[in-house]
Every structure is written in structure tokens, then in C-alpha cells.
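Remember, predicted model here, so these are calculated numbers, not experimental data.
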Amino acid sequence: MRAERPFAAEKAENSRLLREDIERRSVRFRALPEVVTLNHSDLCNLRCVMCPRNLAQGTHRLSHRVLSYIADELFPTARKLVLTTSGGDPLAADYDFLLDRASTYGVQMDAVTNGVLLSPELYRRSRHALDHLNVSLDSHVPEVYERIRLGARFDQVMSNLHAIRAERAAHPDDVLYSTSAVVMRSNLPHLPEFVRFAAGLGFEAVVFQRLLHSVKPTPDEDPETHCGADAIRDSFAKSEAAAREVGINLYLTEFGLPSVLVRPLRSKSPDPLLGKRLCWFMAQNFGVMYTGEVYPCCVPTDHALGNVLYDDPVSIWNGEAAQALRAAQMSGRGTVFCSGCLHAPHLPSRPLAPAQEALRVVRRAVHHGLGSLRRRWRTKHASTLIDPPRPPTTPCDGGFARATESKPCATPVPALRNDVAAVAADSSLWLIHRGMLLHAASVDATPQPIGRLHAEPAPRGTLLKFVARDTLIAAFAGGGRVLRVHVGGATLRVEDALVLSDPRAFVRQPAAAVAGDGSIVIGEYGVHPGARCGRVYRAPHATAAFTEIVWLDWARHVHALHAARDGSILFTTGDLAERRRLLVVPPRSTRVRTVEHAWSGFTAIAETDDAYHFGTDLRSSNALMRRDRSLRTPAEARALPDAIDLQVRDLVALGQRRMVALLGMDGDLVDRRAGRRSTVLVSRDDGSTWSIVHEFAADWAEAPEALLALPGPRPRVLTQCTEEPVVLTVA
């Protein structure tokens, strides 16, 4: 029995939603795909006669950044990763990288390989993640095998397969293990013995596949032309008898024949959704080609759903093209490519089958030609989603030396452990810690519990902000709502201020602000799989209802939000690379304007007398930005040196031209954290130059997420979201 995989709860909920979506005949799914098929490369080590690589070696390969992006978007909810390259071998390019991504997200893998690179060591390294492994052999006769699979040595492949048989015998596992043969003129007479041969190598099943001419015509190997239907039937009948004799399953699905099932095998994961008037490819699968193009099924047609180089996977999954195909299948209309397909038996075949096939050929050829032109144009003129062009900036030297004088005092205050904190008008301190609201008369006082805001075990508090003298708003990670907390009077009163668009969404401290007119503005935040929570809400005063004023259906969430002095609202979106934006809502308006020259979903915004200040949240090459108040000229960019090249978590303006910046790094970016420490910077000249004034522990255990400016004659900040808070006093 395998241990429970990571993200098991997310996958179970996604599968439940998917089945509900299909039962209610929805064409726009709340769920994400259960299966991700990556034809991520056309590189191969062989030149098989029926394959396009017989004509020329492949040249395409999706980069690790693209593959990581797909994994981060889809793997948390996906159950299966299918690795089967179109004209390549998945073991020949990036296999270990994808194995690592699948293991991280608890995704099981199917892999189809020619076996040349399938060493016993690789099998041992992969078996924990493998659901189904298929080895394409085609023949057990050495000269026939090597004539079909040009470049392969029969003895080498047999050495690998014998070693794996011994490994599986010594250490049994539950990997489904099969071999396959494309039925051709060369191997047709040998298929019965091939079945017996496969059983001797420890395979559990044999799959016979059709020879297809749609991608690479191979007329000299066509069994129907050269051998005839009778010879094919005879070979299949003898193969079926051989399968029963040696106790191995034989699958003939591609030929419209019943399979020979002589041994019980567990079902592949996930179970295919059949009998739902929707083929399982359209219901469960997201297939990516090495060009980045996404197709609805196992072979490219002219139904391209999008391209992951330019569109995010979640948007493609529920895009207009995908919804139109689902509607065509659910209604029974079908399409030229879907009707008559063995995976869509609920759709009738077209009455003119030869004409239909001719139309398919023409449409596929036209689409291929236009697609090639489109890819060339995009390569030359368009930026990819993960590599948007950097806007023009004015490079400036930020200094970033270590402070030698007037070093701030960092005073530990363990009593003030907090998820998030706020300062009241009377200068007292309020905190959320483990679901409890606490109150301290000052930084030096011991906090006293006021009341519980969330039942135990409580998720992390993410928002606590005074919106009136005796009223706070609060939120918890994944809570789906914003609370209004009344702390005046004898008892604590808590009520829902806002139910967010998604029950898994929440609001972060940097995305809530009180405007000069007393209105409250907040931005929704979501990190759950498929999150699209780009919404901004406003309430006219502390006790009023919130209304939605902005909805960006492409944005994962709102990172940070700032109510500017002139009445406008600045906010930023994340995490989709090209769509990280700085946006402005003008005073007394709900119209959204995109600010030019902004490529990062800034997680920190501050305002001083003469400028706006921002911090980037990139994986590397981060900077502190300063822009004039018009936001119409390129930003002054002060690049962080490598030793402190971290994401800017927070920016706080303390007055008298003093500013504090907190640098950190996402926990999953372990390589970027290595050798660096969460750091506090101070500027005494309105962000022109910065000094390193404090570094937190090298193990990142005490790294805070935000800062809170404290009242008093001395400029001070308290670190938030940490079990080891400190107060930093800035001279």
C-alpha cells in the first residue's frame, strides 16, 4: 500500500467537482484536468520507420521554466502525468526533472518509451511515481526489430528488460507494466510469438496499435494493403490464443475488437469517465505539444485550444474553444474529428466516411501550415507568458551598504507572537495568534486574550486592520470571508463583513486600506489550484456592506493595494507572469487603468510626499522601484545585489524621508534562500539609497512576512507573522 500522496485532499475535491460539472452538463468546469499529457519534446534516440523522426531528428523542447509553470498550475489537482512525446522518447529529454515535479505534487505517471534508456536504475528511481509503464517493442525477432526501430540494438534493450524483470521479481510493486506493437507488414506473421515473448519478460499486457499515416505515411508497411484482411484476422486469432495460453492480457481496442483479459489487473488512475456523452479526453485530459499548443485529444487536429507559451493553462482549459467542443459532444452534434472516433462512441459516424476523412486531411494540413506561420510570427514578435519583456527603467545605485552608524536596535519581544497585528488610535496593540484576538496596552505590555475569532485548530491570520476607532476587519488563510470585529463595549462582537468569491480565498494585510474619505478597500487573494480571484471591493464606511468594484477574470489574485492621497486606488496582481500588473482606479470611479512600464506583481506599495515606492517579487533580479506620482514615466530601479537578491515583502514609510523595506523569499524557492537571509533595509533619503540594518536567522525560522509601523517619538516597526517577533528602532 502506497503512502498518501501530497495534495491528496486537493485532488479528491477536484475529482468530486469534475464529476459534478459533467453530471450537470456544464461546459465550463469548476474543476481542473485530472490528467496532464506532456508531449514536451520531439527529441529521440531512434528513427523508427513509422515515425516522423525517420525523416529528420526533432528540434523542439519545452524549457524547464515552461514545464515548471504547467506543473505549478495543474499538478496540485492532477492525478496523472502522461509522458509520451510525439515522435520522441520521454526518457530522452527532461525525464528526471518531470519525475521530480510529479513527486513533489503527488502525481502518478504513465510513460511510453522505446526501452533503450530504460535502465534498471532509472526504473528503481521512478517506481514510486509510476502508474503505468509501456515499452514499445513491435517485434521479438532481432532483425525485424532493428529494421523497424532504426538505431536500436536488440541486445541492449533485452538487457534492460531482463534486469527489470529480475528487479520486479525481487521487489514486487504495483506498477502496471505492458508492451506494445504497431501492427505492420514486417511483424504481422510474428505477433503470436511476440505475445508469448512478452509474457516471458514479465509484461502483464500487450497492446496492438494501428499503423497511422496521418503524420508520417508508411505505405510499404501497411498490413491491409500488403497482407489483406484475412491475414490480419488469422494473426489476431492466433495472438488471442497465445495470450490465453501464457496468461497475458491482449488489448485490441484500436481495431474495434474485444480485448483478451485473462488476468485481473488493477485499474489505471484515474478511472476514465465513460458513458457521459463526453469523451474522456475532453472531460479529463489537458494535452500539451512540444510547440506549447494544447489539443483536446491524443493526436493534433485543427482544434487547438490555446498555447501555454502565451496563455495560462487554466484559461485554456475553460476557454471558448474548449467549451465549444464540450458543447458539441454533449449535444450529440459532434465535429469532423470527434464523430466516428473510438473514444466518442456516443457520436454517430458521418454518413460519407471517405469524404469525412478527406476533409480531416485537408483541415489538418491547413491548420498545420497556418500554425507554423503563427509560431514563426509569435517567436519573432510576441513575448512568452513566462518571459514578458522588461519595461524601460532608469537604473540607479541604491547603495545597499551595511550600516556602520546609527544602527537600529533590534529588540526581541517574544510576548508579541503574532500572525498579524494592528495599532489602535490610542496606540495600543492588537494581535491575532492561533485564532485568538489579543490586546496589549503597549509594545512593552503582556497581551491579554480578548476572544476567539476562529475555532481551533485555526489557520494563519492574514488580515487585522482598524477601520474605525472600535472596529477592525480580520481574515484567515483560506477562510473565504472577511470578518468585522467590534471591540468597543463590554463584549466582543464578530460578524461577516464580506463573503469572498471563492470559499478558499482570503485577504492579506498588504491588500487592505482605509482611504482618506473613510472608505475601506480590499483585494481578494487566492493560492488554491486554479485560483482566479482578481477582485477589489469597497465599503463607504466601517459598518457598511462591501460591493465589488473590480473583477479581473484573468488574475489569480490581488497582491497589494494602496489607497493614495489623491483618492485613487493602486493595486497589483500576481502570479501569472505576463499578467502581473500595476493598476489604478481613479477617484470616484470604477474604471481600471493599467500603468505603463510595470512587469512585476509588486507585493509592497508605499507613498511619500513626492513618489510612489514599489518592490518586486521576482524569483531573481529583484529591485526597489521609485516612480513619480504621475506614474507615467519609467521607474527608478535600484537593483538588489546578489547577496540580498530577495523578494520585497513590505515597504513602510515612517516620515521624515525614512523608509523601511523587508526582504524575503517564498519557502518553495529553496535554492534562492540558500546563502541568503531575510533582511531589513532602511532609507533616510526617500528611497534614493538604502542600508542593510538587520538580518534574520540563516535557517529562515524567524523570517517575518510583514512590518507594522509603531506610534511614538521614535520610528519603530514590529515584525509580523512570526513566532519570534522583534521591534526595530530606526535612528
Worksheet item: Below 6.0 angstrom between ring centroids: does that apply to F255 and F236?
Response: yes
Worksheet item: To the nearest 0.5 Å, what is the distance between CZ (F281) and CG (L325)?
Response: 13.5 Å
Worksheet item: Hey, does V183 have a side-chain heavy atom less than 4.5 Å from the side chain of L211?
Response: no
Worksheet item: Between D94 (side chain) and F97 (backbone), is there a donor-acceptor pair under 3.5 Å?
Response: no
Worksheet item: Any donor-acceptor pair under 3.5 Å linking the side chain of K276 with the backbone of M330?
Response: no
Worksheet item: Just checking, is any N or O donor in the side chain of T291 or H60 under 3.5 Å from an acceptor N or O on the other one?
Response: no
Item to complete: Check the pair S178, Y251 against side-chain hydrogen bond (donor to acceptor under 3.5 Å, both in side chains), reporting the backbone distance first and the verdict last.
Response: CA-CA 10 Å; S178 67; Y251 293 92; over 6 Å; no
Practice prompt. Look at the side chain of N160 and the backbone N and O of G115, then say whether any donor-acceptor pair between them is shorter than 3.5 Å.
Written response: yes
Discussion item. Between R266 (side chain only) and D174 (backbone N and O only), is there a donor and an acceptor less than 3.5 Å apart?
Written reply: yes
Worksheet item: Any side-chain heavy-atom pair from Y69 and V308 closer than 4.5 angstrom?
Response: no
Worksheet item: Taking C-beta and beyond as the side chain, do L74 and P33 meet within less than 4.5 Å on heavy atoms?
Response: yes
Item to complete: Please examine the side chains of S68 and R101, heavy atoms only from C-beta on, and report whether any two atoms are closer than 4.5 Å.
Response: yes
Item to complete: Start with the C-alpha gap between D222 and R185, add the side-chain angles, then the distance that decides, and say whether salt bridge (Lys or Arg N to Asp or Glu O under 4.0 Å) holds.
Response: CA-CA 6 Å; D222 193 316; R185 179 181 68 168; over 6 Å; no
Item to complete: Report yes or no: does H226 contribute a side-chain atom to a donor-acceptor pair with the main-chain N or O of P219 at less than 3.5 Å?
Response: yes
Worksheet, complete the sentence: All heavy atoms of A129 vs all of L99, minimum pair found to be CB-CD1, 3.7 Å
Item to complete: Check whether any side-chain N or O of K238 sits under 3.5 Å from a backbone N or O of L191 as a donor-acceptor pair, and report yes or no.
Response: no
Worksheet, complete the sentence: Output for pair (I316 CD1, N307 CG), nearest 0.5 Å, gives 6.5 Å
Worksheet item: Is there a donor-acceptor pair closer than 3.5 Å between any side-chain N or O of K80 and the backbone N or O of S269?
Response: yes
Worksheet item: Are F197 and S139 close enough that some pair of their side-chain heavy atoms sits under 4.5 Å apart?
Response: no
Fill in: Residue of the set N14, N285, T77 for which side chain to side chain contact (heavy atoms under 4.5 Å, CB included) holds with E34
N14
Fill in: Any side-chain donor near an acceptor of the partner, N318 and R326, under 3.5 Å
yes
Worksheet item: Between E167 and R127, is a side-chain contact (heavy atoms from CB on, under 4.5 Å) present by the stated rule, with each step listed?
Response: CA-CA 11 Å; E167 173 70 23; R127 69 198 311 168; 2.6 Å; yes
Item to complete: Output the distance between atom CG (L38) and atom CE (M289), rounded to the nearest 0.5 Å.
Response: 11.5 Å
Practice prompt. Heavy atoms only: give me the nearest S41-L43 pair and the separation to one decimal.
Written response: OG-N, 2.9 Å
Practice prompt. Could you walk me through whether R16 and E20 pass salt bridge (Lys or Arg N to Asp or Glu O under 4.0 Å), step by step?
Written response: CA-CA 6 Å; R16 184 188 70 80; E20 281 189 5; 2.6 Å; yes
Discussion item. Minimum heavy-atom separation for L252 and P258, please, with both atom names.
Written reply: CD1-O, 3.8 Å
Discussion item. Between D89 and T113, do the side chains contain a donor N or O and an acceptor N or O under 3.5 Å apart?
Written reply: yes
Discussion item. Measuring from atom SG of C51 to atom CD1 of I148, what distance do you get when rounded to the nearest 0.5 angstrom?
Written reply: 13.0 Å
Discussion item. Less than 3.5 Å apart, any donor N or O on the side chain of N39 or Y295 sitting next to an acceptor on the other?
Written reply: no
Practice prompt. Would you mind reporting whether D110 and K268 have side-chain heavy atoms less than 4.5 Å apart?
Written response: yes
Worksheet item: At what distance, to the nearest 0.5 angstrom, does CG of L81 lie from OG1 of T37?
Response: 8.0 Å
Practice prompt. Answer yes if the side chains of D72 and Y105 hold a donor-acceptor pair under 3.5 Å, and no otherwise.
Written response: yes
Practice prompt. Apply side chain to side chain contact (heavy atoms under 4.5 Å, CB included) to A198 and list each qualifying residue two or more places apart in sequence or on a separate chain.
Written response: T179, F203, V206, I248
Discussion item. I'd like to know whether Q329 forms a side-chain contact (heavy atoms from CB on, under 4.5 Å) with C338, so could you lay out the CA-CA distance, the side-chain angles of the two residues, the decisive distance to 0.1 Å, and finally the verdict.
Written reply: CA-CA 8 Å; Q329 286 209 8; C338 296; 3.5 Å; yes
Discussion item. Checking the side chain of E221 only, and the main-chain atoms of S186 only, is there a donor and an acceptor separated by less than 3.5 Å?
Written reply: yes
Practice prompt. Please confirm whether the backbone N or O of K216 pairs with a side-chain atom of T218, one donor and one acceptor, at under 3.5 Å?
Written response: yes
Item to complete: For side-chain contact (heavy atoms from CB on, under 4.5 Å), just list the numbers for H40 and L83, CA-CA rounded to whole Å, side-chain angles, deciding distance to a tenth of an Å, and then say yes or no.
Response: CA-CA 8 Å; H40 61 282; L83 296 180; 4.1 Å; yes
Discussion item. Under the side chain to side chain contact (heavy atoms under 4.5 Å, CB included) test against S235, which residue among P189, P192, P223, C227 passes?
Written reply: P192
Worksheet, complete the sentence: Smallest heavy-atom separation, P76 atom then E10 atom, equals O-CB, 3.7 Å
Discussion item. Determine whether Q284 and R79 satisfy the following criterion, side-chain contact (heavy atoms from CB on, under 4.5 Å), listing intermediate values before the conclusion.
Written reply: CA-CA 10 Å; Q284 296 171 280; R79 293 185 177 276; over 6 Å; no
Practice prompt. Verify, without hydrogens or angle tests, whether W280 (side chain) and D271 (backbone) share a donor-acceptor contact under 3.5 angstrom.
Written response: no
Response to the item:
Correct closest heavy-atom pair for M282 and F29 would be O-CE1, 4.1 Å
Discussion item. With no hydrogens and no angle check, just 3.5 Å: does a side-chain donor-acceptor pair link S26 and D21?
Written reply: no
Practice prompt. Report yes if some heavy atom in the side chain of F7 is under 4.5 Å from a heavy atom in the side chain of P529; otherwise report no.
Written response: no
Worksheet item: Distance only, no hydrogens: is a donor on one side chain within 3.5 Å (strictly under) of an acceptor on the other, for E254 and Q209?
Response: no
Worksheet item: Between L309 and G292, which heavy-atom pair has the shortest distance, and what is it?
Response: CG-CA, 4.3 Å
Discussion item. Working note: E121 + R124, criterion salt bridge (Lys or Arg N to Asp or Glu O under 4.0 Å); need CA distance, chi angles, decisive distance, verdict.
Written reply: CA-CA 5 Å; E121 189 277 331; R124 284 190 291 270; over 6 Å; no
Worksheet entry | Beyond-backbone contact of Y145 with H140, side-chain heavy atoms, under 4.5 angstrom | no
Worksheet item: To the nearest 0.5 Å, how far apart are CG in L265 and CG in N249?
Response: 5.0 Å
